[in-house]
Each structure stands twice: as C-alpha cells, then as structure tokens.
Amino acid sequence: MAIIDINDREQRQNIINDIGLRAAAAAQGSQKMTNVSIKSVLLTGEDVANIRDAILPLCGDDGRLNMYMYGDWKVLDEIIKNDEPFGILVVGADATSSNLAWNCGACGFKTCGEFNKYSKENKGRGTAQGGPACMWQLLDLGGAVCAAGASVYEAGVSTRIHTSFGAMAMACGYIDAMQAFGISIGPWKYGTWDEWYNRPRMKGTFNMGDIQKDMMRCYPTLFAGFNGRGRPLAKTDINWQSKGIYFGAEFDEEYENKRKAAGAKFGQTTAEIRAKIAARKEQKDK
C-alpha cells in the first residue's frame, strides 16, 4: 500500500491530467447523430503559457480592446505565475463538409451538395471559428464539448468552456480543426464556479466607468429607456431621461486602428509559437 499526498503540487497536476484525459474520453464517446470526427488535445505547462501569450495582443496592453478575453488572460497569467496545477482540454472538429445527404437546409443551402461546393470554394476563418458549417455536425461537436465539460465539473475542479482558448489553440497549431473550444481544468484551489464566473482575480482591473461603458456597448437593450419615440435612450446616469443621448452606429477610427495593430501583433506572436511547436515535434521525431 502507499500513502498519496494530494497536497503535493506534482500529484495535483497528475490528477488534473487524469481528469483531462477522462474528459477527452467523454467527448469522444458522446452521443452523436453524424460521423463527425472529434479531435482533442490536452495542454499543460509551457503550452498553457503559449495560449496565454497568444491572447494578450488581442486585448491591448490594458485589456480594454477585449475585456472578456482579457479576463481569461488574467487568470491564466496568475495561474502560471503562482505555478498552480492546471490544464486546458481543447476539443474540436471540421464541420465544413457533409456527406449526410439529408438536404435539411439548416446550413442555408437546399442540398448538402450545394453546401459542399460553396464551402470548398469559400471556406474561411471567422473571428474565432471557421465556416461555413454543417449544423448537424456542429450540434454533435457541441454535445462532445458539453460532455467533456460535464466530466470535469463532476470531478469537482474549476471549469468553463472557453471560445478564446479554442481559438488560440487553432491559431497556434495545437489542433487541426475549423471549430474548437477550450475547457479549463482547474485551477485546483478555487471552487468550481468562483474562478471562471465570479472571476475574483479580476478585482480592481477595471473601474465602474469601464464596466458601465462595456454594458452599454454590449447589452444596449438592457439600458434602453421608453422606446415610444422610436429611438431608445441610453441610461448614462440618474438624469438619463432629460439628456437625449440615443443609441446609434458610428465609425470609431481610434478603436479600429488599435484593433488592426493588435491583429498584426497577434499574427506575429502566433507565428512564433507555431514555429516553437514545430521545432519540438521535429526534435521528438528524431
């Protein structure tokens, strides 16, 4: 018999790894309607650091280019600095072609053949995921991702499904897929919900003005006044009804310039990470 001390950092990482592998099995074994091929990869250590490094350029130095993605970066950064047991399970697929011949039309085309022809000529990467895609295969991918996430949750460690981690894993070359999501496994010391939902490590990062502006940009209908005029008023402060500040569309040149510069820096960073990963694989094959 042996006494296993789970307070040991190495042992806790071993448990995290085991939970990740079980979650990958749950994704592979999830109920599916189609023959979509589910792919998965478990990232730990320096590979988690690569995901962190890839995220930051898109957020800007202060996080205000993408406050949501910055929240993921912030937690990863502290996990790495504190050397906490952690892993990211990436689950993905390529749903950009279909051999189902169901001709359901859910993709926007009358037949699977029309969809496949268009997809072959116009396949591309969106903001985070690639397309166009077969809706039935995406449903199966979603089921696989949820099965993996549920497996981690049932193991009792912090977890959440992250579009950001999946997109970064594809950009860095960790997984050959057109759609992918990352599932956080840990960190160990926080409750299952607290870390990735209440995000205590973000405390003090943004002020009330930042949060209010973000809410008004992203959830305008929640801040709309009486719409009988045909134009929703913005609740900027206690006297919002008399200020006449309305929601509308405008070109933000300053933000666009920052976004384009961030995209260029992101491309450079991910190219460097892909080169490092390729070198590691080449060394391993020798």
Side-chain angles (χ1 to χ4, degrees), residues 48 51-81 88 125-129 145 149 158-171 179-184 187 190-227 229-267 269-270:
V48 171
I51 297 297
R52 174 201 60 181
D53 294 344
I55 289 175
L56 187 59
L58 295 177
C59 302
D61 294 335
D62 59 2
R64 284 171 173 77
L65 274 180
N66 192 322
M67 293 168 65
Y68 301 99
M69 193 177 290
Y70 190 75
D72 284 347
W73 175 87
K74 177 75 171 179
V75 177
L76 284 189
D77 190 52
E78 290 209 3
I79 286 172
I80 293 166
K81 286 179 178 177
I88 299 174
R125 178 74 61 197
T127 301
Q129 310 294 334
V145 171
S158 303
T159 187
R160 185 170 182 168
I161 296 170
H162 306 258
T163 303
S164 60
F165 295 165
M168 295 305 105
M170 287 188 290
Q179 304 86 20
F181 299 87
I183 300 164
S184 49
Y190 279 90
T192 305
W193 291 101
D194 198 47
E195 180 65 271
W196 296 109
Y197 291 86
N198 293 333
R199 296 185 184 265
R201 304 192 201 211
M202 290 292 290
K203 185 177 180 180
T205 302
F206 302 113
N207 58 41
M208 182 58 72
D210 294 326
I211 301 300
Q212 184 181 31
K213 289 177 182 177
D214 178 73
M215 292 293 288
M216 291 175 68
R217 285 193 303 266
C218 298
Y219 309 99
T221 54
L222 300 180
F223 286 84
F226 177 61
N227 293 336
R229 304 179 189 180
R231 297 184 66 186
L233 284 159
K235 296 181 180 178
T236 54
D237 56 36
I238 193 68
N239 298 311
W240 61 272
Q241 294 187 69
S242 62
K243 293 213 168 178
I245 299 177
Y246 299 92
F247 288 107
E250 66 175 3
F251 175 69
D252 190 332
E253 185 175 5
E254 181 182 1
Y255 179 85
E256 275 297 290
N257 289 336
K258 287 181 179 179
R259 185 184 65 82
K260 290 176 181 177
K265 188 174 181 181
F266 170 74
T269 301
T270 53

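Heavy atoms only: backbone and side chains are in, while hydrogens, waters and symmetry mates are out.
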* Structure fact -> Test side chain to side chain contact (heavy atoms under 4.5 Å, CB included), reference Met168, set Ile51, Asp53, Asp72, output is Ile51
* Asked: Should Ile79 and Val48 be marked as a side-chain contact (heavy atoms from CB on, under 4.5 Å) after you check the CA-CA gap, both sets of side-chain angles, and the distance that decides it?
  -> CA-CA 10 Å; Ile79 286 172; Val48 171; 5.7 Å; no
* First locate atom NZ of Lys203, then atom NZ of Lys74, and finally report the distance between them rounded to the nearest 0.5 Å. => 13.0 Å
* Drop me the distance from Leu56's CG to Asn66's CG, to the nearest 0.5 angstrom. => 11.0 Å
Provide the closest heavy-atom pair for [X] versus [Y] in the form atom of the first, atom of the second, distance.
{"X": "Ala54", "Y": "Thr269", "result": "CA-CG2, 4.1 Å"}
{"X": "Ala167", "Y": "Ala128", "result": "CB-O, 3.7 Å"}
{"X": "Pro57", "Y": "Ala262", "result": "O-CB, 3.1 Å"}
{"X": "Phe206", "Y": "Ile211", "result": "CB-CD1, 4.1 Å"}
{"X": "Asp210", "Y": "Asn207", "result": "N-OD1, 2.8 Å"}
{"X": "Gln129", "Y": "Ala180", "result": "OE1-N, 2.8 Å"}

* Asked: Who passes side-chain hydrogen bond (donor to acceptor under 3.5 Å, both in side chains) against Glu256, sequence neighbours left out?
  -> Arg259
* Arg52: what forms a salt bridge (Lys or Arg N to Asp or Glu O under 4.0 Å) with it, not counting sequence neighbours? -> Asp77
* **Residues forming a salt bridge (Lys or Arg N to Asp or Glu O under 4.0 Å) with Lys258, sequence neighbours excluded** => Glu254
* Asked: Salt-bridged, Arg201 to Asp194, with N to O below 4.0 Å?
  -> no
* To do: List the steps, then state whether side-chain contact (heavy atoms from CB on, under 4.5 Å) holds for Trp73 with Leu58.
  => CA-CA 10 Å; Trp73 175 87; Leu58 295 177; over 6 Å; no
Hey, are the side chains of [X] and [Y] touching, using non-hydrogen atoms and a 4.5 Å cut-off?
{"X": "Arg217", "Y": "Met67", "answer": "yes"}
{"X": "Tyr70", "Y": "Ile55", "answer": "no"}
{"X": "Cys59", "Y": "Tyr68", "answer": "no"}

* **side-chain contact (heavy atoms from CB on, under 4.5 Å) assessment of Phe165 paired with Leu76** => CA-CA 10 Å; Phe165 295 165; Leu76 284 189; 3.5 Å; yes
* **N/O donor-acceptor pair under 3.5 Å between Thr159 side chain and Gly149 backbone** => no
* To do: Please assess Tyr255 against Arg64 for the test side-chain contact (heavy atoms from CB on, under 4.5 Å), listing each intermediate value before the final yes or no.
  => CA-CA 10 Å; Tyr255 179 85; Arg64 284 171 173 77; over 6 Å; no
